[in-house]
Structure formats: C-alpha cells, structure tokens
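All chains are named by letter (A, B, ...) in the order of the sequence lines, taking the proteins before the strands, and each is independently numbered beginning at 1.
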Amino acid sequence: MIEDQLAEAIRDALGALGVQPVPDHVQLERPARREHGDWSSNVALASAKATGRNPRELAAELCAYLGDHQPDHVASVEVAGPGFVNFHLQDSWLHDLLRQVAAEGVDHFAANGFGQGTSVIVEFVSANPNKPLHGGHARGACLGDSVARLLDRCGYAVTRETYLNDRGVQMGLFAESLAARARGEEPPDDGYMGDYLIEWAAEMPVDADPFEWGYQRALQSHRDTLDRVNIHFDVWFSERSMVADGKIEAALEDLRSRDVVFEEDDATWLRTTDYGDDKDRVLVKSDGDLTYLAPDIAYHRDKFGRADTLIDIWGADHHGYVPRMRAAMQALGHDTDELDIIITQLVDLERGGEKVKMSGRSGDMVTFDEIIDEVGGDAARFTYLMQSADSRQTIDLDLVAARVMENPVFYVQMAHARLCSIQRKAAEAGFAMPDVAEVDLTPLTHERELELLRTLSDLPEQVVLAAADRAPHKIATWVRELAAAVHGFHHDCYVVGDGVSPALTDARLALVEAARVGLVVGLDLLGVAAPESM
RNA sequence: GCCCUUGUAGCUCAGUCCGGAUAGAGCAGCGGGCUUCUAUCCCGCCGGUCGCAGGUUCGAAUCCUGUCAAGGGCGCCA
C-alpha cells in the first residue's frame with residue numbers, strides 16, 4: 001500500500017538526517033482537507049520532543065530530503081502548519097490502485113492475513129429454544145455475523161456458533177405450556193403465553209413428546225428466521241449435551257482442583273472475587289441444581305479447547321455477567337485477553353414515532369420475523385449495523401421500510417445497480433470489458449473519478465480497524481461514502497455516449513468494475529445483497 | 001450505593017481506542033440541476049460553547065480528574 005511506501009521513505013529520510021531513534025511506526029493519514037495533500041504525516045511533530053528539535057525545522061529537512069529522493073508517485077512534499085509533512089501525489093497512484101482492486105477482485109480486495117493461523121469462535125444469538133427470535137435478538141445477530149465476516153476477510157479460521165439453553169426450568173415450562181395448548185387449555189401461570197404456542201400446538205402430532213418436538217420446532221423457527229438475513233451457524237451447541245458427555249462435571253472438577261471453589265450454606269461457590277468480581281458466585285445451589293453459570297463456564301471452557309480466541313456477543317442486560325465469566329476463565333488458566341465479550345446496547349423500536357413494546361407475557365412482542373417482514377432483510381441488517389454497538393439505537397420501522405430517502409441501504413444498493421446498468425449498456429453498445437491490467441488509465445483525471453478511487457483506497461485499512469474493534473459500523477460508514485462517490489461519478493462522468501472517446505470509455509469501464517468490487521465487498525461484510533438492478 | 005454504556009447540528013449518527021490543521025454525513029428546512037449509462041440521483045445554502053468544570057499538551061470532541069443527565073445491570077432466576 002502507498003502509505004507503507006511513504007512511511008518507509010520517511011524512516012529512511014529520518015535515518016539519513018541522523019535522527020535518533022527512528023520511530024518504528026510512522027503515522028500517515030489522509031488529511032481532512034484536500035489542499036493538505038493526499039497523505040500527511042505528523043512524524044516531525046511527534047518526534048520533535050524526543051529528539052529535542054524544532055518540529056518545523058525537522059519537517060523542512062525531511063521535505064528537502066524527500067524532494068531529492070522522491071518515492072514513486074510523489075509529485076511534491078511540503079511543510080505545513082506546525083510541522084506536518086504533506087505529500088501531494090500524482091494520479092498514477094490511484095491508477096495503480098484501480099488495477100490492484102480489479103486484479104484482487106471480490107474475493108481478495110481488502111483481505112489480509114492478520115488472522116492467519118488463529119482460530120476464533122464467534123458466539124451470538126444464543127436464544128432460548130422455546131420461542132421465536134424476537135426484536136431483541138436482531139441486533140446481536142447482525143453484529144455477530146458481520147464480525148465473523150470481517151474476521152474471515154482477515155484470514156482467521158472463524159466458527160459461527162450459538163448456544164442452546166436446552167435444559168432446565170424454562171424448557172420444562174415451555175413443554176408444559178405447549179402441551180396445555182395442545183389440549184386446548186391455557187398454559188400454567190408461570191408458563192409461556194405467546195400466541196405462537198397455539199400455532200405450534202396445532203402443528204404438533206398427538207403422539208409427539210412436547211419437549212423434544214417443541215425444541216425442534218423452535219430451532220426450525222430460529223433457522224428459518226436467520227436464513228432470511230443470511231445468517232448461518234456452523235455450530236448449534238447444546239447445553240444438555242454437556243450433561244450427557246460429562247463436560248459440566250469436568251469443568252467443576254477442574255475448578256475444584258484449582259482450589260477456587262468452596263462450600264457454604266449447602267451450596268457450591270466459585271471464588272470469583274479473587275479475579276476482580278464484586279462477589280462470589282454460586283455454581284451448585286443448595287437444592288443440588290446447577291445455576292446457569294456452571295454450564296456457561298463449562299461451555300466457555302469447551303470453546304477454549306477448540307479455538308484460540310473467543311468472541312461473545314451479549315445484550316446490555318447481561319453486561320453484569322462479564323466480570324464473573326472473565327473471572328471463571330482466568331481461574332481456569334485461560335488468557336482473558338482472548339475472551340472478548342461485546343455488549344450491544346438496547347434497541348428501541350418505533351412505528352411512526354410511537355414506541356413499540358418489545359416484550360410482554362401476552363405475546364405482543366415484536367418478532368425478528370415481523371421486523372424483516374416490515375423492512376426487508378437487507379434494510380434490517382444495514383440499519384442495525386449503521387451504528388456502534390455501544391450506542392443505544394432507535395429504529396423507526398416505518399421510516400426504514402417506507403421512506404426511501406431516509407434509508408441509506410437503498411442509496412448504497414442503488415449505486416451498485418447503476419454500475420451494473422452501465423456495464424449492461426456498454427455491452428449493448430459493443431464495448432467489451434477491457435483487460436484492466438493492460439488498459440490505459442491515464443484518461444482518468446476527473447475529480448469524481450479520483451475521489452472514487454481515493455475512497456476505494458480506504459477499505460483495506462477500514463477492514464483491519466473494524467475487525468480489530470469488532471465494529472462493522474465502520475464498514476457501513478465506508479460503504480455509504482463509496483456509494484456517494486459512485487453517484488457523483490455517475491452524474492458527471494458518462495461512460496458510454498456521445499463525446500466520450502473509446503479510450504475514455506475503456507478506462508471508465510475499468511473504474512466501474514473496481515468500484516463495483518468495492519461495493520460488493522463492503523456490502524458482503526455487512527451481509528447485505530448487492531442487487532444488479534432495482 | 002456500586003458497575004457498564006451513552007451525551008457532538010432541529011432529528012438520527014460518524015469521528016474518540018491511536019490527541020493535530022477551518023469538527024463531518026444523512027434526514028429535516030431553503031434554493032438550484034434531467035435531450036444520452038436508473039432524478040431512488042447531483043450541486044449549493046442554512047445549521048454545532050463536541051453535556052458541564054478543571055487539568056495535561058506546542059495543540060484536546062479525542063487523554064486525566066471531578067461533576068450532571070439518560071439507559072442498562074447489580075438473585076442459591078435463566
């Protein structure tokens with residue numbers, strides 16, 4: 001990448017100028033203002049103090065040196081402000097970039113090998129298998145899958161996994177409620193009241209076991225819903241399987257052997273306070289039943305046996321459990337740096353400005369399916385991923401569904417459809433797609449063309465940052481910028497038509513293809529389709 | 001009381017991790033632009049004491065301290 005070249009050139013220059021020590025990392029960034037050049041470095045400001053030199057003088061010496069030893073593509077280097085070193089580049093750096101994007105294509109553009117050799121399990125959704133997925137699951141579902149897509153592109157060996165709470169009190173109540181509905185009765189007072197149980201009960205064969213049949217029915221419901229938003233788990237991990245194969249007991253034994261467990265009031269406790277938790281936690285209740293925590297610990301212990309790094313996506317209502325899980329993993333000797341628990345803040349749903357109730361015993365909760373019905377799978381995913389998981393989100397279903405102007409997903413998809421349309425029109429007009437490696441790109445000098453390429457050049461870094469921060473919203477922001485650049489290009493730069501020379505048409509067709517690759521990659525990282533027409 | 005997250009334009013949010021130059025985008029409002037590849041678009045204008053107060057720094061939306069406000073969480077429930 002060009003910034004690596006420039007950084008290396010700066011380090012060489014610092015060495016030649018006798019600056020000690022030469023920093024390991026030279027920061028280069030794209031200035032906010034075009035007149036500050038294509039790339040800028042604050043290296044003179046940053047190292048002035050360490051070297052006891054005046055930053056502007058150091059910057060001036062750097063510029064002079066770099067002027068005499070110009071790296072490829074550099075047109076000029078100048079000092080600005082308090083001591084920035086600004087590089088102005090020739091358009092050729094963007095032309096090279098275009099060739100690179102086209103050559104890498106959808107499979108390789110913005111990919112990197114940072115995760116090579118590292119396995120990671122991304123656990124998300126993990127909904128109780130006794131009711132349809134509801135709105136509260138949606139954000140975490142979209143986030144988890146997109147994080148997995150980002151890690152894929154960074155070369156990690158990724159497993160998408162969800163945990164099934166398929167034993168315990170709630171599942172028993174579920175089976176009882178389902179059986180009651182099947183008999184035409186009301187569920188027990190503490191049972192499940194949702195109308196979906198009436199539907200499911202009607203489907204259930206008379207001789208079926210309500211527990212097993214209902215469990216499978218719920219799983220099918222989850223699978224069907226997630227299919228609609230392009231989410232597919234590699235592993236559906238069963239809690240009760242850990243009872244059968246002894247993993248829970250093994251985990252408890254492991255903890256006991258490490259002397260972090262004690263008995264008190266007839267219960268078994270984990271001394272999580274030794275690891276930063278604010279109180280100790282019960283593993284086995286005085287009545288002999290397990291708390292939810294014991295299987296959860298066993299599950300995470302199992303995951304650490306299968307992967308180097310664990311990422312969990314939890315809702316805000318579970319954030320209080322982070323310290324105890326981290327404590328438990330630390331007690332088991334795992335590196336808690338490799339346990340990354342992402343908390344998604346709550347989402348408020350509205351319709352036409354009116355708040356929608358998210359849950360309720362009578363079954364008036366909004367299901368994930370209803371959200372998809374109302375706004376579509378692509379709009380749902382894009383909307384959930386537009387904002388940082390840290391910020392509380394308000395989604396007005398009517399706005400997302402109906403008012404196209406307020407819904408960026410259409411803007412971005414439209415950009416892709418337009419590029420495809422251009423390619424179709426060009427083919428109809430007899431222009432074959434040029435060989436991008438050979439085509440002359442020097443006709444690409446229009447500001448719209450250059451801006452499009454500059455935006456494309458940002459994606460590789462954004463992928464690295466988004467993957468590291470588990471922050472797909474950075475990709476959503478980027479893809480909106482790229483779409484804006486595409487629409488601007490589309491508006492001002494005809495590809496095929498009167499007054500466009502064949503050479504320019506060829507060059508622009510190459511640009512169209514590179515931009516299309518960028519949109520496809522960006523949208524794919526979000527799990528959103530790139531339609532060829534709209 | 002303790003813990004987590006948030007507070008940036010009328011609204012919804014980027015930017016904060018890793019401090020840089022005149023703080024960005026969309027929507028809303030106002031005003032322009034289609035004989036050619038999708039006007040579901042493009043361009044301009046309007047709009048911000050970056051919650052508040054200190055501190056560190058050549059330089060703070062960004063780091064530190066305090067404080068206010070909103071949301072969430074603090075079970076031998078799951």
Which heavy atom of Q345(A) sits nearest a heavy atom of D390(A), and at what distance?
CG-O, 3.0 Å
I'd like to know if D348(A) and K355(A) make a salt bridge, using a cut-off of under 4.0 Å between side-chain N and carboxylate O.
yes
Mind checking if [X] touches a base, just sugar-phosphate, or nothing, with heavy atoms under 4.0 Å?
| X | result |
| --- | --- |
| C420(A) | nothing |
| H318(A) | base |
| D396(A) | nothing |
| D265(A) | base |
| E29(A) | nothing |
| T394(A) | sugar-phosphate |

Can you tell me the base-pairing partner of [N]? Count Watson-Crick or G-U wobble geometry only, both distances below 3.5 Å, and say none if there is no partner.
| N | answer |
| --- | --- |
| A21(B) | none |
| U67(B) | G51(B) |
| C45(B) | G29(B) |
| U56(B) | none |
| C2(B) | G73(B) |

Going by 5.5 Å between centroids and 30° between planes, is there a stack of F84(A) over A21(B)?
yes
Hey, is Y494(A) stacking on U36(B)? Ring centres under 5.5 Å, planes under 30°.
yes
Under-4.0 Å side-chain N/O to phosphate OP1/OP2 contact, [X] with [N]:
| X | N | answer |
| --- | --- | --- |
| Q387(A) | C13(B) | yes |
| R448(A) | C42(B) | no |
| K279(A) | C2(B) | no |
| K355(A) | G71(B) | no |
| Y411(A) | C42(B) | yes |
| K425(A) | U36(B) | no |
| T344(A) | U5(B) | no |

Relative to each other, are the rings of [X] and [Y] parallel, tilted or perpendicular (30° and 60° limits)?
| X | Y | answer |
| --- | --- | --- |
| W314(A) | H300(A) | perpendicular |
| Y299(A) | F237(A) | tilted |
| H222(A) | H137(A) | tilted |

[X] (side chain) and [N] (base): donor-acceptor pair under 3.5 Å:
| X | N | result |
| --- | --- | --- |
| N86(A) | A21(B) | yes |
| Y321(A) | A78(B) | yes |
| H319(A) | G73(B) | no |

Rounded to whole Å, how long is the line connecting atom CH2 of W478(A) with atom P of C13(B)?
24 Å
Rounded to the nearest angstrom, tell me the gap between atom CZ in R34(A) and atom P in U22(B).
18 Å
Proximal nucleotide (of A39(B), A21(B), G26(B)) relative to the H36(A) side chain:
A21(B)
Validate the cation-pi geometry between R30(A) and W39(A): distance from NZ or CZ to the six-membered ring centre under 6.0 Å, angle to the ring axis within 45°.
yes
